[in-house]
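Below is one structure, written out as structure tokens, with a few remarks after it.
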Amino acid sequence: MKLAKIYDPNQYEPNVYAMWEKSNAFASKGKGEPYCIVMPPPNANGNLHIGHALGGSVQDILVRYWRMRGKDAVYIPGADHAGFETWVVYERTLTEKGIDRFSFSREQLYSQVWDFVEQQRGNMELQLRALGSGCSWNDLVFTLDNKVIDTVYDTFKKMWDDGLIYRGERIVNYSTKYQTSYADIEVNHKLEKGKLWDIAYPLYDKIGEIVVSTTRPETMFGDTAIAVHPDDKRYKDLVGTRVMLPLTDRVIPIIADELIDPEFGTGAVKVTPAHDPNDFEIGQRHNLDRIQVIDFNGTMINVPDKLVGMTVEDAREMTLTLLRNDELLRGEKEIEHTVGYDYKSGLPIQPLIKEQWFIKVKPLAERAKQAVIDGQIKFIPESKKNNLIRYYEQLRDWNISRQIPWGIPIPAFQNIDDPNDWIFDRRVDEKVLNIDGKTYKREEDTFDTWFSSGQWPFITTDYLTDGPLSKHYPIDVMETGADILSAWVSRMIMIGLYRTGQVPFKTVYLHGLVLDEKGQKMSKSKGNVINPMDAISKYGSDALRMGLIASRSAGQNQAFSLDRVIAGRNFCNKLWNIARFIEDKVGDGFRDKIPEPVTMADHWIIKQLDEAIDSIASQIETYRFAEAGETIYHSIWDDVADWYIEASKHSTNKSMLNWVLNTSLKIAHPFAPFVTETIWQTLAWHDSLLVNASWPEKIAYDEIAAAEFSRLKTLVTEIRFVLTELPGNERYDLLYFKDALIEDNAKIIQTMAKLKGVQSTDNARGLRLTVTGREAWLDIPPKTLAEHQSNLEMRLAEVHKDIQMLETRLGNRHYVEKAPKRLVEESQNELKNKQALAERLVKELEILT
RNA sequence: GGGCGCUUAGCUCAGUUGGCUAGAGCAUCUCGUUUACACCGAGAGGGUCGGGGGUUCGAGUCCCUCAGCGCCCACCA
């Protein structure tokens, strides 16, 4: 078959993928030792970004490799309804049309978003195919599939029955922009400069005033107490008395609470239970009223008339002005403090009181933490293990309700006559239920997406329902971004243990962020986003995979390198041309057969590839993908192309070329699936699919012959080195020798070193080659020879230095006694070699002078 | 405030349990169209592994310390 000179990935990749899919190559075979990776589901509504390309490559490499190793390997794809993310996008389209979301029911909105997602859906699935991800498409799970919802409801019910679910009025992180509460994890804390104001509150029972410090003066209208530390002598006499709340006619008490830090500000604090988590706590202890002064839409309520309806920012200014007018503002200073921001809109998060569903996290976190400490899950990189343990230790109860329609409805109903009477019921399509003469109203909130996605491993494998893939649980590797260790990985472990009694995965492999080429975080607003599909259309999928994997280690954020992708593309082309050459040599009539090594080069390449087979296997198995990629690259480019193919130009061994190509394609396949399969399909000697091939077997070779080829390589390299130094008009390109090894391999040396002749002689002339210690001379004019003297002297000096170093080392009694024997022997051999080399150099210099 | 990581060639980065002369890709320089490949071949130069100290026969690797950068987590007003 005639192949084009240059490999054009676009011409082959889609067809190759279609062929795999048609042959059902990615489905579970149903027998054999299970190996399973579940894909972190990409947003069904979105496009893949470069992080998906990296994660997808790692996942696919693992699955393809283990499939080749004979396991029943399955890669389960998924699609995420991405509750909040998608909702934000959809709500924006509503806003653009000037439509208020509150003019629709939950059902209406849900079905609108469903249609919206349906239009986009499939994009990312096509993109995964372009990436080469060998997913079992029939097993794809969408996060709103019935089986997901059923399982999520079961989990919720079980938690409810176990007393892990409670509903309560708490301070929640509230996004006034999106009008929903958040989990703690969705709040971005930023350290920033702010102002701390001192405000005087006139005493009511005595003459005088108490000065409080606050960063949020606008919330003062919600104050229901002033608090000081019980041991604070300054305020001891005031505890129990009352103050006038400025700008109002309310009177509030001064209380003492341990939570107050006397060192901070004036040591006296205004207590606003409705708008601050600490104050809420204090409020509970002291039975204080909660007065909400910021509404859920972010504007002021229950405040003096002039302030009603203002934004928080405006209200702050106005309050300060009013206080200043009344001469109650006593100080203002700059401080650094952390402010919570909405991770989506970038606006400040308002702590507001809202009734929400919570999970009592402690028992779940304890168990998960213990499993992690016990080493039930392997972490790559290992340092993330401690991050997670620390996270579990400080985790607080988890708010799982969201006030958005795009998500899984919370299956709970409230008795309209008794607000505390909540029942679990799956009939979420019903707005009202009548049970035993009581009327129950539906909860309108939906679940936090992490609550459902936290159950992903056992849902996708149908573990609880004992489906065909259930033996794949716990899954082997959870490969995901290091940035969602807390949000997702931690949840999967907690809920996995809770529902199945087992950790959901044996290994967690976390990749870092792919930064732009300058090391900056990619973001749409910066315009520095690299679209993986662009890279694929320019350089090919394999090139992108290899480029992303190269020089990248687990957990580290690293820059994207186009150079690496180009190097990957070049590698694919190299492989292509190796195939062209071999196919041309071997001919169309050839059939796969057992290799029969004949020449030293044959034995040597077997040794090299045998070693590569083992190295790559162990590198993949220990998740050192960059190193595996390098081994593949150099084994194929350096050993196969530069040495073996060159050597084979002198004597062709078809069975060996056949084996070398088969083996090269197999070891490269997990990393570069497309080009390897494409080539495989052009081969005349079989009609199978590479994707189904097994990992290459090592074959036997002659150690001595292989070693002799190494010596020839050294000789050839030395000849090349000397010749490139010489000007063209002083080169005869003739090698004289008196040496059995060279005699046997004269032709191959001539070919590889591009010599005009290699002759046996007793009358050698020219430059004696010294590195290998062979009896060999390169014929060059006496004049040039003299110039080489300094060259030889320099080399001799270097060798002397090496000898000295080795002698010192071997002269060290401690070294000889304590270092491993192997090393000592190696040093001794090295010393012998160097000494012999020095002798030859000295002799050569004598001849020259 | 707590935790974690990074600093290695001009650039971007590898470097498992300490093991000898520290690697890669790109870039640079020289030469070269030879039976696949210029997305190529042959060869070369370039590093006191952030500074300092320690442990060890031996440190890029382990410990201490200093400096610079970054990330994650966290209800302090």
Side-chain angles (χ1 to χ4, degrees), chain A residues 3 5-7 171 173 184-185 187 189 196 212-216 227 259-261 264-265 268-272 276-281 335 337-338 340 351 381 383-384 386-387 390-391 394 396 482-483 485-486 512-513 517 519 539 543 547 550-553 555-564 566-585 618-619 622 624 626-627 629-630 633-634 641-642 645-646 648-650 652 717 720-721 723-725 727-728 751 753-754 798 802 805-806 809 812-820 822-823 826-827 830:
Chain A
L3 300 173
K5 269 192 175 188
I6 302 276
Y7 169 65
I171 288 273
N173 310 299
D184 293 338
I185 199 108
V187 180
H189 295 273
L196 184 70
V212 304
S213 299
T214 182
T215 55
R216 303 201 56 189
L259 203 69
I260 306 305
D261 174 8
F264 188 87
V269 169
K270 59 195 265 319
V271 181
T272 323
D276 182 279
N278 287 320
D279 293 2
F280 181 85
E281 223 177 275
I335 56 156
H337 65 147
T338 52
S383 59
K384 298 292 176 192
N386 289 328
N387 283 6
R390 213 100 331 115
Y391 180 73
Q394 54 78 43
R396 299 184 307 151
D483 49 335
L485 176 71
S486 315
L513 293 178
E517 288 209 82
Y539 304 102
S551 272
R552 194 173 287 278
S553 51
Q556 290 294 325
N557 295 350
Q558 269 155 246
F560 177 80
S561 163
L562 192 60
D563 283 340
R564 300 268 179 191
I566 290 171
R569 186 226 19 207
N570 295 352
F571 172 78
C572 293
N573 194 55
K574 184 51 111 170
L575 201 49
W576 179 255
N577 276 288
I578 290 170
R580 284 180 68 210
F581 177 85
I582 291 181
E583 289 185 62
D584 187 51
K585 286 281 178 207
S618 95
Q619 282 156 345
T622 49
R624 303 203 301 264
E627 286 170 69
E630 240 177 70
Y633 185 95
H634 290 292
D642 291 346
I645 298 267
E646 289 308 314
S648 80
K649 286 177 180 173
H650 157 257
T652 300
T717 304
R720 286 167 172 173
F721 172 71
L723 288 182
T724 49
E725 301 271 286
T751 311
K754 314 279 187 231
E798 273 170 31
D802 291 347
M805 191 192 70
L806 286 163
R809 185 185 300 157
N812 183 340
R813 194 165 41 84
H814 299 289
Y815 173 74
V816 179
E817 281 168 10
K818 290 184 187 171
R822 178 180 56 85
L823 289 174
E826 266 175 42
S827 297
E830 191 65 20

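So that the names make sense, note that chain A is the first sequence line, chain B the second, and so on, each numbered from 1. Heavy atoms only: backbone and side chains are in, while hydrogens, waters and symmetry mates are out. Remember, predicted model here, so these are calculated numbers, not experimental data.
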Between [X] and [N], does any side-chain N or O lie under 4.0 Å from OP1 or OP2?
| X | N | result |
| --- | --- | --- |
| A:Arg809 | B:U21 | yes |
| A:Lys384 | B:C72 | no |
| A:His189 | B:C72 | no |
| A:Asn570 | B:C40 | yes |

Quiz item: Quantified in whole Å, what is the C1' atom distance between nucleotide B:U21 and nucleotide B:G46?
Solution: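 These two C1' atoms come out 16 Å apart once rounded.
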Quiz prompt | Whole-angstrom distance between B:G5 and B:U61, as gauged at atom P | solution =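 Pairwise P distance, B:G5 against B:U61, rounds to 15 Å.
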Categorize [X] for me: base, sugar-phosphate, or nothing, with a 4.0 angstrom heavy-atom threshold over every strand shown.
| X | value |
| --- | --- |
| A:Lys754 | base |
| A:Glu830 | base |
| A:Asn386 | nothing |
| A:Asp584 | nothing |

Exercise. Return yes if some donor-acceptor pair links the side-chain N/O of A:Asn573 with the main-chain N/O of A:Tyr7 below 3.5 Å, else return no.
Key: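 Checking the backbone N and O of A:Tyr7 against the side chain of A:Asn573, a donor-acceptor pair under 3.5 Å is found.
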Practice problem: Select from A:Arg396 and A:Arg390 the residue whose nearest nucleotide in RNA chain B is closer to the 5' end of that strand. | Solution: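 Closer to the 5' end of RNA chain B: A:Arg390.
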Quiz item: Starting at the 5' end of RNA chain B and moving along, which residue's nearest nucleotide shows up first, A:Phe560 or A:Glu826?
Solution: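 The answer here is A:Phe560.
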Show me the protein contacts with nucleotides 13-15 of chain B, counting only N or O atoms at under 3.5 Å.
unit_1, atom_1, unit_2, atom_2, d
B:C13, O3', A:Gln558, NE2, 3.2
B:C13, O2', A:Ser551, O, 2.6
B:C13, O2', A:Ser551, OG, 3.2
B:A14, OP1, A:Ser553, OG, 2.9
B:A14, OP1, A:Gln558, OE1, 2.7

Between [options], which one does the side chain of [X] approach most closely?
| X | options | value |
| --- | --- | --- |
| A:Phe721 | B:G3, B:C75, B:A44 | B:A44 |
| A:Asp563 | B:G43, B:U21, B:C26 | B:C26 |
| A:Ser486 | B:G41, B:C75, B:C72 | B:C72 |

Self-check item: Paired and unpaired positions of RNA chain B as dot-bracket, Watson-Crick or G-U wobble under 3.5 Å, | denoting a partner strand
Solution: (((((((..((((.....[...)))).(((((.......))))).....(((((..]....))))))))))))....
Self-check item: hbond_proxy A:Arg569 side chain to B:C39 base (donor-acceptor, 3.5 Å cutoff)
Solution: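 It does, because a donor-acceptor pair links the side chain of A:Arg569 to the base of B:C39 below 3.5 Å.
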